[in-house]
Amino acid sequence: MTAPSSVTWPPSLWAATAQPGPVLGTLEGAIESDVVVIGAGFTGLSTAIHLRESGVGVTILEAAEPGWGASGRNNGQVIPTLAGHDPSAMTARHGEAGERFNAVLRDAAQYLFDLVRKYEIPAEAEQAGWVQPVHSPGRFKLAEKRVREWSAIGAPVELLDRAATAEMLGSDAWFGGFWNRTGGHINPLALTRGLAEVALRLGATIHARSPAVSMVHQNGRWLVTTAKGSVTARALVLATNAYTGEFEPGLAPEIAAEVIPVLSWQMATRPVSDNIAKTVIPGRQAMSDTHRELYFARWDARNRLVTGGAAILPGAGGANLRPTVAARLKRLWPQLGDVAFDYVWSGYVGMTPDNLLQPQVPGYPRIHQLGPNGFGWVGCNGRAVALSISLGRELAKAIQGTALETLGLPLSTPKPQPFQGLIRRIAPLALPLYRRLDAQEI
């Protein structure tokens, strides 16, 4: 496959405001490295940083530019939970490995913000907390369960009644909820570019516009090829998530086939006046509620409210969603008045549902050993920001020889989705089901 000579960025708020990324060359010729990482998003860059902190040589191959994929397109909420599964579910699924994973996830938001502070990354980071309000009285039981479960393993969570939720969010649209003090939000593209700069400063090599075409383990080494070169390495990390099959379908077909890339739209309002902004999520927490069709919002550094939505017809989704999401924001926060958006963009979320007949049930992350000293993962299911950084650390430990039974890596065998191509095309049709279930819940 021919490497792209230039990269077109999505028309996002983040692309308009993040600091420029590093100037990177493409891979040409055959090179050797101790470790090769495929993908310069959150996971790949975190892995590289942790390897270099231990003095391990690492080369990253990026198909476009750092942050071009999901790591630079998401809402930037730093959330230390999974989308729909609490600690007991992970333990039931993976036993002791699930318990270790729960501990990694519990501390993931704090770890991200500590890393940003350690390396002084200009990521517009605000550790104001993350709140999940409930959209119906019946969903309050869910908040109680999540507080009970996360409290049991030491997470700093707190149950909120309706009055406390209204005060925290500046709206009486919700019926209570819970929050985690370690969460918050960042500019995701600024974070990705900052992580790339840190990795380079520590001695990592990054080749951009160099999509991997194949990877194979032979003669005790990993060989990863691109259109114009190759990397031979002792160890490998596949860090491509929802974009695994986008540039080269034959790179890791089993991995690509187990993830459903679902298009997610992000939207940023025009700047809101200070007087009004002080009444809408006044503590500047990140917020995503219990709707299956998520309602979510957070402030950026310029007083833009960053939210989003889903569309049944993805091609026209950006244009179609503007009035719908504007009306939603006005309903939740009448003080905003008429809402207009300056930026609308999209990107893929890597979904890994266990049962396609129940698309409303979020999937679990899928973490795999791909061969000797080879690892990868897919399936962020909308919770990639905090988790990716911590999983990068765990993967770095694994390929340095740390015993797997001590790490927060619940390994599983790749399980391709049946009819993955078809399911990918019809996935937006689950949206009416989500809306019906949300409306029925009281």
Side-chain angles (χ1 to χ4, degrees), residues 11-14 16-17 73-77 126 128-137 139-140 160-177 179 185 263-314 316-346 382 428 431-432 434-442:
S12 70
L13 171 63
W14 314 131
T17 59
R73 299 173 185 243
N74 64 83
N75 195 257
Q77 297 204 29
E126 295 188 50
W130 168 71
V131 58
Q132 184 173 53
V134 299
H135 73 275
S136 69
R139 293 292 266 181
F140 193 73
L160 303 171
D161 61 19
R162 187 168 189 176
T165 303
E167 181 178 1
M168 181 174 286
L169 298 180
S171 171
D172 60 3
W174 291 281
F175 295 85
W179 77 305
H185 48 86
L263 201 62
S264 174
W265 290 90
Q266 307 293 326
M267 317 175 75
T269 68
R270 293 174 180 171
V272 176
S273 71
D274 286 340
N275 286 340
I276 294 177
K278 289 176 182 177
T279 71
V280 176
I281 320 179
R284 298 180 64 85
Q285 292 85 1
M287 183 280 289
S288 51
D289 78 0
T290 54
H291 278 93
R292 293 172 180 85
E293 180 197 358
L294 277 183
Y295 290 18
F296 56 95
R298 43 70 57 99
W299 290 109
D300 89 322
R302 289 152 292 276
N303 268 15
R304 297 181 189 272
L305 202 58
V306 190
T307 183
I312 296 177
L313 300 174
N320 291 348
L321 281 172
R322 286 176 185 264
T324 300
V325 177
R328 175 192 298 171
L329 290 182
K330 189 173 181 179
R331 184 171 69 253
L332 297 174
W333 292 285
Q335 62 267 42
L336 288 172
D338 293 332
V339 175
F341 298 99
D342 281 345
Y343 300 92
V344 180
W345 68 99
S346 64
L431 189 56
Y434 297 166
R435 291 173 177 167
R436 186 170 71 252
L437 291 173
D438 287 338
Q440 290 173 349
E441 211 153 33
I442 60 172

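Quick caveat: nothing in here was measured; it's all calculated off a predicted structure.
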Next item on the list: Would you mind listing every side chain to side chain donor-acceptor pair (under 3.5 Å) that reaches into residues 272-281, with sequence neighbours excluded?
Entry: Asp274-Asn303, Thr279-Gln335

Next item on the list: Drop me the distance from Trp14's CH2 to Tyr343's OH, to the nearest 0.5 angstrom.
Entry: 11.0 Å

Item checked: Minimum heavy-atom distance between Gly308 and Val325, given as atom pair plus value -> O-CG2, 3.9 Å

Item checked: Closest contact, heavy atoms only, Tyr295 versus Leu332 -> CD2-CD1, 4.0 Å

Notebook entry, point to check: Taking all atoms of both residues into account, what is the closest heavy-atom pair of Pro133 and Val131, and its distance?
Noted result: CD-O, 3.5 Å

Next item on the list: Would you check if there is a donor-acceptor pair between the side chains of Ser288 and Trp130 at a distance under 3.5 Å?
Entry: yes

Note to self: Do Gln285 and Trp299 make a side-chain contact, defined as non-hydrogen atoms from C-beta onward lying under 4.5 Å apart?
What the structure shows: no

Item checked: Heavy-atom pair of closest approach, residues Met287 and Leu169 -> CG-CD2, 3.9 Å

Next item on the list: Would you indicate whether the side-chain heavy atoms of Leu13 and Arg304 approach each other to under 4.5 Å?
Entry: yes

Checklist line | Which residues share a side chain to side chain donor-acceptor pair (under 3.5 Å) with Arg162, sequence neighbours left out | finding: none

Note to self: For Asp300, is there any backbone N or O sitting under 3.5 Å from a side-chain donor or acceptor partner on Arg284?
What the structure shows: yes

Margin query: Closer than 3.5 angstrom, by distance alone: can the side chain of Ser171 be matched with the main-chain N or O of Trp333 as a donor-acceptor pair?
Written below: no

Item checked: Arg139 side chain to Thr290 backbone, donor-acceptor under 3.5 Å -> yes

Notebook entry, point to check: Are side-chain heavy atoms of Gln266 and Asn75 found at a separation under 4.5 Å?
Noted result: yes

Next item on the list: Apply the test side-chain contact (heavy atoms from CB on, under 4.5 Å) to residues Phe175 and His135: give CA-CA distance (whole Å), side-chain angles for both, the deciding distance (0.1 Å), then the verdict.
Entry: CA-CA 6 Å; Phe175 295 85; His135 73 275; 5.9 Å; no

Next item on the list: List the steps, then state whether side-chain contact (heavy atoms from CB on, under 4.5 Å) holds for Val134 with Trp174.
Entry: CA-CA 6 Å; Val134 299; Trp174 291 281; 5.7 Å; no

Note to self: Has Arg73 got a side-chain atom pairing as donor or acceptor with Ser346's backbone, closer than 3.5 angstrom?
What the structure shows: yes

Margin query: For Thr165 and Glu167, which I'm curious about, is there any donor-acceptor pair between the side chains at under 3.5 Å?
Written below: no

Next item on the list: Please step through side-chain contact (heavy atoms from CB on, under 4.5 Å) for the pair Ile281 and Met168, ending with a clear verdict.
Entry: CA-CA 6 Å; Ile281 320 179; Met168 181 174 286; 5.8 Å; no

Next item on the list: Could you tell me whether the side chain of Asp338 reaches within less than 4.5 Å of the side chain of Lys330, counting heavy atoms only?
Entry: yes

Check: Heavy-atom distance under 4.5 Å between the side chains of Leu329 and Val280, does that happen here?
Finding: no

Note to self: So which atom in Phe140 and which in Leu160 form the shortest heavy-atom distance, rounded to 0.1 Å?
What the structure shows: CE1-O, 3.3 Å

Next item on the list: First locate atom CG of Leu321, then atom CZ of Phe341, and finally report the distance between them rounded to the nearest 0.5 Å.
Entry: 9.0 Å

Next item on the list: Test side-chain contact (heavy atoms from CB on, under 4.5 Å) on Arg322 and Val344 and set out the steps.
Entry: CA-CA 8 Å; Arg322 286 176 185 264; Val344 180; 3.5 Å; yes

Checklist line | Any Asp342 side-chain heavy atom under 4.5 Å of Pro271 side chain | finding: yes

Note to self: To check you understand the geometry: which heavy-atom pair defines the closest contact between Gln132 and Asp289, and what is its length?
What the structure shows: NE2-O, 3.6 Å

